[in-house]
Amino acid sequence: DGFVLGLYQWLVDIEQGRPALRRCLAGLGYTTKAGPLSSTVVQQFCGDMLMTNVYQLEAAAQCPYQYFAGAVLRLEERERLQWDARVEGQLWHEALALLARYLLETGQDLAEMGETSLRELADEVWCDAAARLAPLYAVAVESYNYRIERLGRGFQRIVEVLAEHSRRGQFRPAAVEVAFGLSRGIPPLRLELQPEGTVLIRGRIDRIETVRAGDTLYVRIIDFKRGTRKLKLSDVYYGFSLQLLVYLAALLDNAQAILPEELGRGRVELVPAGVLYFPLSEPIVKVDGPVDEETLAKKLLAKYKTSGLD
């Protein structure tokens, strides 16, 4: 110890030794942990008003570095024309939006349609959606026709499930693919964070369903998700799952612009009735031996159970 202290004092006493000593001592307290960005740096990146969306907010809660790299620095992987779950999700979302718009325009109700009519409608809508979104992949993907046919069968099952939901309930689609903060129509959800600034959240609501009882309009939000996803209040609390509740807040703030016909000009009370995830999947059921079509249909229906708050 005496030798070390003597060496330390010698380096302090000579002019050439002090810079070397500072470099050596600096390593004792060095850490790779990044601290928070200063308000000046944040101001340079975002200004007084931050425009974001739910996915970026959830990414910031789960991994701040991922959020900074993607949302702030806007780093992206090189785009490649390849078939993946994202493409399949876009196809299903487009087909479901086309289906809802068709029902709204024609005044038809899935609950009143027979099995044959449902399948014909689902096939027509699916072919339309595939023709709009997937033609580029027909050349790039060898198994394109098989994938479209397989997903089409899954879409038919989803339409049958939606029809069954309509038969058992009273909610009906009122609007689909409702964008807020993405154009001049519906403004973004605004959060004031004084004195730091303002956060504007944009997004797109997959489906809004309503049912009216007297002077009360009950409304719920449906978000179609690949696979199965559960809404846990703990995830909402920690910022990991904000989508459904943020979309509901955006709807309540802009209800008159989103649902003008349903609300009208009278005194109609708008009551939130639910926020739900609807699974977009191709489920496989386990059975013990051969089963009839009715039993199989019931088992498949159970696989499409929604989750969320209602």
Side-chain angles (χ1 to χ4, degrees), residues 1-87 89 180-182 188-204 223 225-250 275 277 307-309:
D1 292 342
F3 173 78
V4 173
L5 291 176
L7 178 61
Y8 172 83
Q9 188 61 47
W10 177 73
L11 291 171
V12 170
D13 292 338
I14 62 175
E15 185 176 352
Q16 299 90 337
R18 285 191 289 270
L21 183 61
R22 281 195 296 269
R23 289 195 299 270
C24 293
L25 295 179
L28 297 178
Y30 179 77
T31 176
T32 58
K33 184 177 180 180
L37 297 178
S38 66
S39 57
T40 302
V41 174
V42 174
Q43 181 77 13
Q44 291 175 345
F45 275 118
C46 306
D48 294 326
M49 192 172 296
L50 172 64
M51 176 68 80
T52 185
N53 58 47
V54 172
Y55 302 105
Q56 292 177 353
L57 292 177
E58 292 177 353
Q62 296 173 9
C63 179
Y65 180 79
Q66 179 186 5
Y67 167 79
F68 182 75
V72 179
L73 299 182
R74 301 190 183 282
L75 303 180
E76 297 180 353
E77 294 184 7
R78 182 163 60 99
E79 290 188 3
R80 297 180 179 179
L81 186 62
Q82 60 182 6
W83 190 282
D84 53 21
R86 179 183 58 85
V87 177
F180 58 93
L182 297 175
L189 181 65
R190 189 182 188 96
L191 301 178
E192 299 292 345
L193 302 178
Q194 300 298 339
E196 289 80 3
T198 304
V199 175
L200 303 178
I201 303 177
R202 60 178 180 260
R204 190 183 304 274
D223 189 75
K225 275 286 182 282
R226 287 280 292 168
T228 56
R229 182 170 180 178
K230 305 294 183 181
L231 180 63
K232 299 179 180 178
L233 293 181
S234 59
D235 289 343
V236 175
Y237 178 82
Y238 288 108
F240 299 152
S241 183
L242 302 174
Q243 184 180 23
L244 289 178
L245 296 182
V246 166
Y247 285 2
L248 179 61
V275 285
Y277 287 121
S307 64
L309 300 174

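All values derive from a computational prediction rather than experimental measurement.
- Annotation: the span from Lys225 atom NZ to Tyr277 atom OH amounts to 5.5 Å, rounded to 0.5 Å.
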Donor-acceptor contacts, no H, no angles, side chain residues 62-73, under 3.5 Å, sequence neighbours left out:
none

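- To the nearest 0.5 Å, atoms CG (Leu200) and CG (Leu189) are separated by 9.0 Å.
- The distance from the CE atom of Met51 to the CD1 atom of Ile201 is 10.0 Å, given to the nearest 0.5 Å.
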Show every donor-acceptor pair shorter than 3.5 Å between a side-chain atom in residues 230-238 and any protein atom, with sequence neighbours excluded, or say none if there are none.
none

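- Under the salt bridge (Lys or Arg N to Asp or Glu O under 4.0 Å) criterion, Glu15 pairs with no residue, sequence neighbours left out.
- Residues satisfying the side-chain hydrogen bond (donor to acceptor under 3.5 Å, both in side chains) test with Arg204, not counting sequence neighbours, are none.
- Pairing each heavy atom of Ala61 with each of Gly239, the nearest pair is CB-O, 3.3 Å.
- Shown here are the side chain to side chain contact (heavy atoms under 4.5 Å, CB included) partners of Arg22, two or more places apart in sequence or in another chain: Arg18, Pro19.
- Under the rule for a side chain to side chain contact (heavy atoms under 4.5 Å, CB included), the partners of Leu21 that lie at least two apart in sequence or sit in another chain are Tyr8, Leu11, Val12, Leu25.
- Here side chain to side chain donor-acceptor pair (under 3.5 Å) pairs that include residues 51-61, with residues two or more places apart or in two chains, are Thr52-Gln56, Tyr55-Gln243.
- For Glu76 and Arg74, the salt-bridge test fails: no basic side-chain N is under 4.0 Å from an acidic carboxylate O.
- Evaluation of the side-chain hydrogen bond (donor to acceptor under 3.5 Å, both in side chains) rule for Ser307 yields no partner, not counting sequence neighbours.
- In this structure, Gln16 has no side-chain hydrogen bond (donor to acceptor under 3.5 Å, both in side chains) partners at least two apart in sequence or on a different chain.
- Residues passing the ring pair (Phe, Tyr, Trp, His ring centres under 6.0 Å) test with Phe180 are Tyr247, sequence neighbours excluded.
- Expressed to the nearest 0.5 Å, how far CG of Asp223 lies from CG of Leu248 amounts to 12.5 Å.
- Every residue meeting the side-chain hydrogen bond (donor to acceptor under 3.5 Å, both in side chains) condition with Arg226, not counting sequence neighbours, appears here in chain and number order: Glu88.
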